[in-house]
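Within every chain, numbering begins at 1; the chains are lettered A, B, ... in the order of the sequence lines, protein sequences first and strands thereafter. The figures here come from the full heavy-atom set of this structure, side chains too, leaving out hydrogens, waters and symmetry mates.
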Amino acid sequence: MDQLGDKPTSNTFDILFRRLIAAGLTRQAIQAFDDMERFTKRETDREDFVDLLDTLCKYGYAKVATEVFNGRKFKFEPDTQMYTVMIYGWCKLNRPEVAEKFFREMVDRGFEPNVVTYNVLLNGICRRTVLHPGTHFEGIIQKAENLLDEMQKRGIEPDVTSYSIVLHVYNRAHKPDLSLDKLSLMKEKGIFPTVATYTSVIKCLCSCGRLEDAEEILNEMVANGVSPSPTTFNCFFKEFQGRKHADNALKLYKKMGDLSCTPSLSTYNILVGTFSRLNKMDIVQEIWNDMKESGAGPDSDSYALLIHGLYEKRRWEESCEFVLEMIENGFLPQNITLEKLYKANTDDQDDEEDNLTLIERKEKLEEDNLTLAERKEKLEAASALDRISKTKIAAKKVTSSSLKCASKKIIKSRSKSTNLHLNSGAGKKWTTFAHNGIVLPPPYKPHGVKMLYNGEQVELTPEQEEVATMFAVMKDTEFAAKPKFIENFMNDWRVILGKEHVIKKFHLCDFTPIYDWHQNEKDKKKQLSALERKALKEEKLKEDERYMWAFVDGKKEKVGNFRVEPPGLFRGRGEHPKMGKLKRRIRPDEITINIGKGEPVPECPIPNERWKEVKHDNTVTWLAFWKNPIDPKAFKYVFLDDTSSWKGQSDKDKYEKARLLKDYILDIRANYRKDFRNKDLMKQQISVAAYLIDMLALRAGNEKDDDEADTVGCCTLKVENVSLVPQTNKLEINFLGKDSIKYENTVEVDPLVYKAIGEFKKGKNTGEELFDKLDTYKLNAHLKELMPGLTAKVFRTYNASITLDKLLNSEIMNRNVAEKVVVYNRANKEVAKLCNHQRSEPKSHGAQMLKLRDNIVKLKGVLDGLETNLHRVRKGKAPLQLDADDGKPKKNFTPEILQRKIKLTLDKIEKTERDMDLKKELKTTALGTSKTNYLDPRISVAWCKRHEVPIEKIFNKSLLAKFAWAMDVDPSFRF
DNA sequence: GTGGAAGACTCAGAAAACTACTT
DNA sequence: AAAGTAGTTTTCTGAGTCTTCCA
């Protein structure tokens with residue numbers, strides 16, 4: 001509606017209306033409008049009123065807007081603009097009938113519609129085709145045509161917008177002739193078509209196979225001085241690809257260059273795909289070079305297209321080259337690509353032993369048992385050689401066997417990953433380690449908005465204001481209402497305010513001005529156009545780029561959390577005694593950097609300051625650390641990302657350890673069973689604790705300090721957390737676990753365990769420890785005697801993974817992919833329940849359930865009607881008109897049709913009920929945690945391979961990257 | 001040999017950011 | 001076509017586990 005005229009209204013009210021309406025508080029917004037005069041001391045005018053209507057309509061409250069509109073006509077004389085806004089509002093709700101009603105009323109009352117009014121209405125009518133692909137285009141087109149006619153009769157000429165709207169419909173309806181007609185009509189009327197207009201017509205013609213006509217339009221367009229965009233050309237290229245018109249595509253590509261239209265990345269990709277399918281690899285090469293030169297690409301799609309093209313043509317060596325290049329450029333090839341190539345290579349094995357490549361030589365060096373200095377030296381030599389070999393690859397002079405080896409090496413490195421790190425002695429994690437350090441949060445920018453104390457504005461220094469703002473912006477969170485949070489915040493803030501400051505008591509503080517300012521800033525950000533947002537994002541990415549990567553032994557690895565935590569108020573979980581405390585800004589002189597000796601040390605980003613220390617410790621994997629300001633006993637670390645070799649290797653080790661437990665588990669279970677009655681109290685407690693950890697997947701339960709939230713694990717369970725259900729062998733377990741997540745479970749246990757727990761509880765107060773002779777150290781020491789490296793947490797991993805493995809393999813085949821994914825998710829859910837992984841209820845859950853319930857009620861109504869009609873028809877009576885029939889007369893209401901409809905409705909009801917059950921069950925279950933941390937990815941990958949489920953249905957992009965080490969697992973893998 | 005503190009790494013849910021779909 | 005919404009992914013940082021170090 002901006003075209004209807006901007007006006008400078010009271011800005012604050014404007015924002016207020018928008019926020020209220022956006023929150024669905026339309027009544028309050030109207031109230032505020034009524035109050036406006038009192039506050040601004042100026043009469044509200046017509047423009048304010050239009051603004052209110054417009055905002056209501058924009059947010060989909062056309063009905064409310066209608067009420068307001070009808071109610072105030074006497075005060076503000078309606079006009080064309082108001083009517084247009086109302087029409088817009090109803091069109092937006094996809095109710096063009098109502099919009100048309102307004103339109104008629106408007107005309108009847110003598111208000112002349114203008115071109116905007118018509119366009120809004122036209123758009124409203126035409127958008128149905130966008131929304132419902134199945135709609136009858138004929139009817140819509142007719143209506144649109146009628147409206148255009150009417151417009152002209154009224155003496156209003158349709159503009160570019162009007163034509164664009166209808167052209168869009170023709171496009172979707174595949175009406176090239178109408179499209180062409182409209183175009184010539186436009187020209188006749190002297191309206192200049194834009195690039196979008198032409199592209200729209202060309203797209204329509206191309207998709208209907210009328211390439212000659214499309215080309216004509218293209219020429220015309222150029223002749224008229226409108227430069228075609230890459231999108232325009234892509235219409236042609238797509239069509240050429242389908243028809244395998246290599247020559248035409250090539251010609252057009254040349255033409256594109258002549259017209260100095262730079263192809264987009266998708267242009268290049270389409271062309272690469274086209275020509276590699278047609279086996280014109282020389283042309284592909286040319287296009288590839290052009291793409292590189294233009295800087296538009298390649299992206300992973302380009303590589304995939306090219307590599308597959310080469311592969312299909314059995315040009316394995318070249319495809320290997322590009323896989324290498326792809327990886328060098330930071331794109332991860334699909335594993336299927338690698339596997340294919342690997343197979344192709346092993347099929348025609350030859351004597352590669354004599355032909356060791358540089359890459360392999362380096363690998364050999366790494367595996368040899370050399371001293372550190374020797375290794376480093378040789379590695380450096382190897383990597384220099386490697387660099388030369390890379391240039392050779394680029395120059396396409398590499399021998400075939402080396403390429404084979406290269407592809408093999410990639411695959412090998414996937415499975416073997418960094419075994420050498422483990423084998424190469426005493427805790428050494430790396431030989432060379434380079435990175436660019438960390439990013440400190442930007443300094444605080446004071447906003448100068450004054451908060452109120454006892455109703456009066458107060459002066460705050462930037463430091464004081466910063467802390468006040470931290471609190472103010474948390475107004476909407478639960479924290480802001482917690483007394484402990486407020487107390488801790490005030491204590492820390494008072495220190496910064498100083499003894500003499502006027503601010504003393506929290507209840508006299510009013511932070512709303514700062515809160516409002518913050519909301520306003522947020523709104524401003526929201527208002528940014530997509531383009532601006534994109535630019536901003538790119539800028540940030542560019543700034544961060546150098547910090548995102550580290551080099552470990554010459555290998556490029558992604559850094560995880562390179563941003564130092566900004567200052568804020570501590571948000572502990574549950575009833576944390578330190579919630580609300582000020583988490584102060586970290587200065588460089590608190591930060592220790594760890595980096596390879598001889599590597600350039602990242603410069604301290606703040607002038608005249610320096611790092612606390614620079615270490616070269618190769619037994620650890622962190623890049624930087626500092627003391628946690630909230631808990632000085634703890635540290636904050638900067639590590640590599642989950643996709644790194646370090647993390648991947650330890651992840652794999654973790655699952656291998658859990659798999660090892662499988663071989664020991666029977667013995668271990670026998671072992672703890674026999675100790676349930678052990679006279680040695682400690683041994684007895686160890687056995688019972690081990691039982692609970694094994695059966696219920698509890699955490700070990702380390703001791704905690706008083707200044708942490710009061711949560712427990714197995715070893716720290718208190719008497720009050722476990723009760724015996726009388727006359728059974730059941731335990732009722734109830735405690736707060738990690739992150740203050742509630743664990744509630746009543747479970748039948750071994751009678752001996754039941755008895756033992758009863759004894760442990762005897763003579764103790766509710767708050768005392770159940771396992772008083774036990775801590776995690778003793779428990780783990782015992783477990784280690786039973787299996788090397790066994791600790792309590794291994795049971796959780798083992799039980800989670802073995803459960804998934806069992807559940808997945810007890811299911812049958814003969815289902816489609818979607819159903820198989822459901823099977824997987826169900827298994828995943830069982831594991832999440834076992835591990836007690838929870839999430840907070842989604843905010844809209846209640847509303848969503850209500851909606852579903854509503855749907856069921858409606859469907860049941862429909863069902864009733866259908867059944868009544870079935871009875872009537874069977875008795876030979878005429879069927880009743882039903883609401884659900886949209887007023888269309890029903891001619892052939894045979895019992896068969898009715899029965900089918902009843903069946904359909906029943907199915908729908910059942911499906912909705914199923915949806916509701918599922919939703920209810922999952923509302924507080926978090927599936928992700930087990931997937932990322934407890935389920936051996938090889939189980940999932942192997943299952944996907946066996947059942948032909950694309951792995952992307954199970955793992956998202958990050959998980960795919962994190963689990964790269966698991967992708968080449970054999971399909972027969974079982975945990 | 002013990003126990004507590006220091007240290008390093010994994011696991012965890014909330015919240016922000018993004019995406020796909022709807023209106 | 002643009003904005004809203006529901007759902008998903010990513011980021012953030014708090015909260016555990018377990019090892020190592022040291023007196």
Side-chain angles (χ1 to χ4, degrees), chain A residues 22 24 57-60 62 88 91-95 119-120 123-124 126-128 130-132 161 164-165 168 427 429 477-478 526 529-530 533 537 560-561 563-566 568 570-574 576 578-579 583 594 617 619-622 625 627-628 630-637 639-642 646-647 650-651 654 699-705 708-709 711-713 715-716 737-741 775-781 783-784 789 791-794 796-797 835-840 842-845 847-848 851 924 926-930 932-934 955-959:
Chain A
C57 286
K58 267 196 182 128
Y59 284 97
Y88 164 81
C91 283
K92 198 174 154 52
L93 287 180
N94 201 17
R95 303 274 301 273
N119 281 347
V120 166
N123 195 32
C126 292
R127 54 193 245 137
R128 292 217 142 173
V130 183
L131 300 176
H132 314 289
T161 316
S164 297
I165 293 168
H168 188 68
K429 300 271 173 49
T477 69
E478 284 177 32
K526 242 181 166 174
S529 71
R533 222 170 282 181
K537 210 179 133 189
N561 52 327
R563 245 180 275 277
V564 174
E565 294 174 21
F570 179 72
R571 300 158 89 118
R573 309 276 166 82
H576 199 294
K578 292 188 174 174
M579 64 168 83
K583 189 172 79 179
N594 191 38
D617 185 349
T619 64
V620 295
T621 64
W622 48 265
F625 91 99
K627 260 194 186 150
N628 180 351
I630 290 295
D631 177 5
K633 290 194 297 295
F635 307 99
K636 295 277 188 178
Y637 291 91
F639 290 116
L640 291 189
D641 184 75
D642 279 353
W646 280 338
K647 298 274 190 185
S650 59
D651 215 25
K654 173 179 79 184
R699 294 187 188 83
N702 281 319
E703 305 288 335
K704 290 184 80 180
D705 275 355
E708 293 176 85
T711 64
V712 300
C715 292
T716 40
K738 182 178 182 180
D739 288 306
S740 294
I741 296 294
D775 61 32
T776 53
Y777 176 76
K778 284 177 190 150
L779 177 66
N780 284 336
L783 292 175
K784 279 206 184 67
T791 61
K793 80 196 264 282
V794 181
R796 236 165 114 82
T797 313
C835 297
N836 198 36
H837 289 143
Q838 296 188 23
R839 59 169 183 167
S840 56
K843 249 192 235 148
S844 56
H845 178 80
Q848 281 174 43
K851 224 190 226 167
T924 54
L927 298 184
T929 310
S930 47
T932 22
N933 300 308
Y934 287 104
F955 291 149
N956 62 36
K957 216 174 95 209
S958 342
L959 287 179

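Note on Ser840(A): only backbone sugar-phosphate atoms sit closer than 4.0 angstrom, heavy atoms only; bases stay farther off. Phe625(A) comes within 4.0 angstrom of nothing in the nucleic acid, heavy atoms only. Contacts of Ala792(A) with the nucleic acid, taken as non-hydrogen atoms under 4.0 Å apart, involve only primed sugar atoms and P, OP1 or OP2. At a threshold of 4.0 angstrom between heavy atoms, the contacts of Lys784(A) are confined to the sugar-phosphate backbone, with no base atom among them.
For the OP1/OP2 pair of dA8(B) and a distance below 4.0 Å, the side-chain nitrogens and oxygens of Thr621(A) include no atom meeting the criterion. The side chain of Lys793(A) places an N or O atom within less than 4.0 Å of a non-bridging phosphate oxygen (OP1 or OP2) of dC11(B). Phosphate contact (OP1/OP2 of dC18(C), side-chain N/O of Asn780(A), threshold under 4.0 Å): present. For the OP1/OP2 pair of dT2(B) and a distance below 4.0 Å, the side-chain nitrogens and oxygens of Lys778(A) include no atom meeting the criterion. In this structure, Tyr777(A) does not reach the dT17(C) phosphate: none of its side-chain N or O atoms is under 4.0 Å from OP1 or OP2. Contact annotation: Thr791(A) reaches the phosphate of dC18(C) (side-chain N/O to OP1 or OP2, under 4.0 Å). Listed pair Lys647(A) / dT10(B) meets the phosphate criterion, a side-chain N or O lying under 4.0 Å from OP1 or OP2. Distances shown here put a side-chain N or O of Ser650(A) below 4.0 Å from the OP1 or OP2 atom of dT10(B).
Counting only distance, with no hydrogens or angles, the side chain of Asp775(A) and the backbone of Cys715(A) share no donor-acceptor pair below 3.5 Å. With hydrogens and angles disregarded, no donor-acceptor distance shorter than 3.5 Å links the side chain of Lys647(A) to the backbone of Asp641(A). Proximity of a side-chain donor or acceptor of Lys578(A) to a complementary backbone N or O of Phe570(A) within less than 3.5 Å is not detected. The backbone N or O of Ala634(A) sits nowhere less than 3.5 Å from a side-chain atom of Asn628(A) that would complete a donor-acceptor pair. Proximity of a side-chain donor or acceptor of Asn561(A) to a complementary backbone N or O of Phe639(A) within less than 3.5 Å is detected. Of the possible polar contacts, one joining the Lys429(A) side chain to the Thr619(A) backbone as a donor-acceptor pair under 3.5 Å is found. At least one donor-acceptor pair closer than 3.5 Å links the side chain of Lys654(A) to the backbone N or O of Asn933(A).
Of the candidate nucleotides dA6(B), dG7(B), dA12(B), dA12(B) has the atom nearest to the side chain of Arg796(A). Of the candidates dC9(B), dT10(B), dG13(B), the closest approach to any side-chain atom of His837(A) belongs to dG13(B).
Note: CZ (Phe955(A)) to P (dT8(C)) measures 17 Å, nearest angstrom. Atom CG of Asn836(A) is separated from atom P of dG13(B) by 8 Å (rounded to the nearest Å). A straight line from OH of Tyr934(A) to C1' of dA12(B) spans 9 Å, rounded to a whole angstrom. Whole-Å rounding puts the Asn594(A) CG to dG7(B) C1' distance at 13 Å. Between the CG atom of Asp705(A) and the C1' atom of dT17(C) there is a distance of 15 Å, given to the nearest Å. With rounding to whole Å, Lys633(A) atom NZ is found 17 Å from dA8(B) atom P. Atoms CG (Leu959(A)) and P (dC11(B)) sit 13 Å apart, rounded to a whole Å. The CH2 atom of Trp622(A) sits 13 Å away from the C1' atom of dC9(B) (whole-angstrom rounding).
Using a 4.5 Å cut-off on side-chain heavy atoms (C-beta onward), Lys636(A) and Phe625(A) make no contact.
Mapped onto DNA chain B by nearest heavy atom, Thr477(A) and Thr932(A) fall at different nucleotides, with Thr932(A) at the one closer to the 5' end.
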Can you check nucleotides 11-16 of chain C for protein contacts, nitrogen or oxygen pairs under 3.5 Å, and list what you find?
residue	atom	partner	partner atom	Å
dG14(C)	OP1	Lys583(A)	NZ	3.0
dG14(C)	OP2	Lys636(A)	NZ	2.4
dA15(C)	OP1	Arg573(A)	N	2.8
dG16(C)	OP1	Lys704(A)	NZ	3.3
dG16(C)	OP1	Thr711(A)	OG1	2.6
dG16(C)	OP1	Asp739(A)	N	3.3
dG16(C)	OP2	Lys704(A)	NZ	2.5

